[in-house]
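Notes follow once the structure below has been shown.
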Amino acid sequence: MTDQDTPVVEVTGVTRRFGKVVALDDVTLTIGGGELVGMLGPNGAGKSTLLSLVSGQRTPDTGTVRLFGGNPRDARSRTSLGLTPQETGLPATLKVREVVDFVGGHYPDPVPTGELLEQFGLADLAGRQTGAMSGGQKRRLAVALALVGRPRVVLLDEPTTGLDVGARQSLWAAIREYHAAGGTVLLTSHYLEEVQALAERVVVIDQGVVRADDRLDDVLQRVALRRVVVRSSAPLGESLAGVVRFERERESRGDRYELFTPDADALVRDLVTSGLPFHDLEIRGASLEEAFEQMVARDADPQGALR
Amino acid sequence: MTTTTAPSVHLRTPGPVALTWLHLKYQFLETVRVPIAVLGNLLFPALAMFFFVVPQEEVGGNPVAATMAVASLGLFAICSASLFTYGLGVAEDRQLPFDPFLRSLPAGPAPRMIARILNGGIFSLFGLVPLIGIAWLFTEATVSWSELLAGVGTVLVVSVPFVLLGIGIGYSLTAKAALPVVQVILFPLAFAGGLFLPPMMFPDWLNTISELTPTRAGRDLLVQALTGEPAYGMAWPVLIGWTALFAALAVGAYRRDEGRRFR
């Protein structure tokens with residue numbers, strides 16, 4: 001059932017709608033054993049929907065989802081799957097130790113509770129009710145719960161949102177360690193930084209469509225763009241050096257262009273030597289975050305905002 | 001920090017009995033840690049007993065009438081606990097973010113559902129303890145040990161359709177909608193089933209309707225177990241029919257909910 005060759009996660013031509021909103025639109029994605037994949041996208045892009053399909057919580061309208069070659073709706077397919085609960089959802093009256101015992105009890109060979117709590121620095125809190133934990137402690141417990149069953153793949157949904165730097169670093173260390181031991185990771189985030197720190201492969205998803213699926217370096221190149229804003233009465237665009245894409249707004253005093261390029265210096269040099277008329281030149285070193293947002297949210301419409 | 005992965009050997013996953021036990025254990029713990037929920041379950045039938053049965057000499061002083069009254073109140077307590085716990089409890093649980101997480105663990109829905117039913121049964125039995133105590137101390141109600149045992153067994157069987165109805169409601173509606181729906185269903189059913197007024201006082205037409213309700217069938221079967229007074233012939237078929245119907249409703253509602261839930 002689970003050959004080495006069988007992909008861990010195989011999503012083929014999946015579409016999922018919620019009423020009129022198309023959360024995923026013909027998505028295809030294959031993840032092999034031992035990969036560490038970061039899924040990036042703004043809120044409502046479809047990341048959580050995709051995870052819920054992979055973990056068998058929902059079914060696609062069309063297309064197929066396979067987990068270790070099996071249907072994720074079948075409980076047996078999920079024996080080697082770990083995922084994080086949302087930290088706000090932990091049963092408040094149960095003690096930390098009890099929640100770990102409870103979740104671990106579903107798996108054939110769980111990590112002993114004491115060992116797991118030790119590993120995540122929660123040993124001192126074992127006897128405390130989860131309702132009395134801080135946000136950071138709950139996050140750590142949530143990630144610990146994803147790993148309690150010694151899964152071969154974990155799905156981590158925004159694992160460090162809202163954590164301070166130290167707590168984030170230590171969770172990253174735990175995720176890296178899991179991966180180094182051969183585990184497969186699919187994590188979502190809307191922090192570029194997080195994906196940059198962890199992932200080897202990046203999938204950018206927006207409005208239900210996979211916009212990019214590439215090695216981390218390649219995607220970073222694509223988003224590490226500079227933005228050159230300029231007005232001109234002449235048509236500007238990809239004829240200029242290094243312009244990867246541009247936007248044009250028609251205005252009476254000359255159209256306003258936003259030109260995106262990895263090398264602003266070369267672009268300006270080319271612009272000047274080309275002899276084309278221009279004014280109001282402005283160069284913005286778009287941050288990674290900003291460039292990324294530009295990349296995914298170009299024609300955002302409020303309809304797409306499904307969480 | 002050395003654990004977490006071990007490319008897994010093929011070990012056996014926990015069986016359905018172990019999983020049901022696991023869910024039962026933690027559901028029980030969760031319930032017990034909210035003392036007011038437990039107390040409410042214990043107090044309500046006991047208070048009703050004190051207000052409505054003990055002061056009425058012609059009921060409290062008559063062994064058969066008193067036993068019937070205890071049976072009716074006990075059954076009402078169980079119907080109400082089942083409908084509220086499951087109808088409202090399930091609807092509330094579904095709104096918690098922990099619920100989709102539980103559904104993604106490697107266990108089907110059965111262990112959790114069965115544990116829920118067992119857990120409800122345990123707390124229903126707790127609710128009967130003070131009721132039986134009061135009946136024993138303050139009224140002439142009498143039962144033998146074997147009758148008591150038969151009564152408790154009957155109560156558990158009779159509670160099944162109400163548990164299923166509660167689950168059906170819980171998976172169909174939001175918590176806000178489930179509350180009034182449960183109330184609208186519970187009180188007419190309890191009245192028509194003769195849990196508030198003994199059915200001997202019903203006119204014929206009402207008695208005919210009454211005998212078609214699951215509450216009446218349950219009440220008469222319980223009275224039969226406790227006093228030996230025979231139930232009407234259709235009591236079992238009526239109870240089983242409703243059980244089948246509510247089971248279909250519960251399963252259907254659960255399946256629909258899986259496909260429909262979003263966010």
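In what follows, chains carry the letters A, B, and so on, assigned in the order in which the sequence lines appear, proteins first and then strands, with residues in each chain numbered from 1. Computed over heavy atoms, backbone and side chain alike; hydrogens, waters and symmetry mates excluded. Note that the structure is a prediction, hence the values are computed from the model and not measured.
Between atom CZ of residue B:Phe101 and atom CG of residue A:Leu90 there is a gap of 8.5 Å, rounded to the nearest 0.5 Å. For the atom pair A:Gln129 CD and B:Arg33 CZ, the distance stands at 5.5 Å (nearest 0.5 Å). Between the CG atom in B:Leu29 and the CD atom in A:Glu98 there is a gap of 5.0 Å [rounded to 0.5 Å].
Shortest non-hydrogen contact noted between B:Pro100 and A:Gln57 is O-NE2, 3.0 Å. Taking every heavy atom of both residues into account, A:Leu83 and B:Ser104 meet most closely at CD2-OG, 2.8 Å. Nearest approach of A:Ala75 to B:Gly108, heavy atoms of both residues: CB-N, 3.8 Å. A pairwise comparison of heavy atoms in A:Gly105 and B:Pro14 identifies O-CG, 3.2 Å as the closest pair.
Shown here is B:Trp21, whose CH2 atom has no more than 12 heavy atoms of other residues, nucleotides or ligands within 6.0 Å.
Side-chain contact check for A:Phe102 versus B:Leu102: some heavy-atom pair is nearer than 4.5 Å.
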Applying side chain to side chain contact (heavy atoms under 4.5 Å, CB included), run through B:Tyr26 and A:Asp101 and close with a yes or a no.
CA-CA 10 Å; B:Tyr26 289 101; A:Asp101 284 341; 3.2 Å; yes

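Chosen from B:Leu19, B:Val32, B:Leu22, the residue pairing most often with chain A at heavy-atom distances under 4.5 Å is B:Leu22. Of the listed residues A:Leu145, A:Val148, A:Val99, A:Thr93, the one with more heavy-atom pairs under 4.5 angstrom with chain B than any other is A:Thr93.
A side-chain donor-acceptor contact under 3.5 Å links A:Arg78 to the backbone of B:Arg103.
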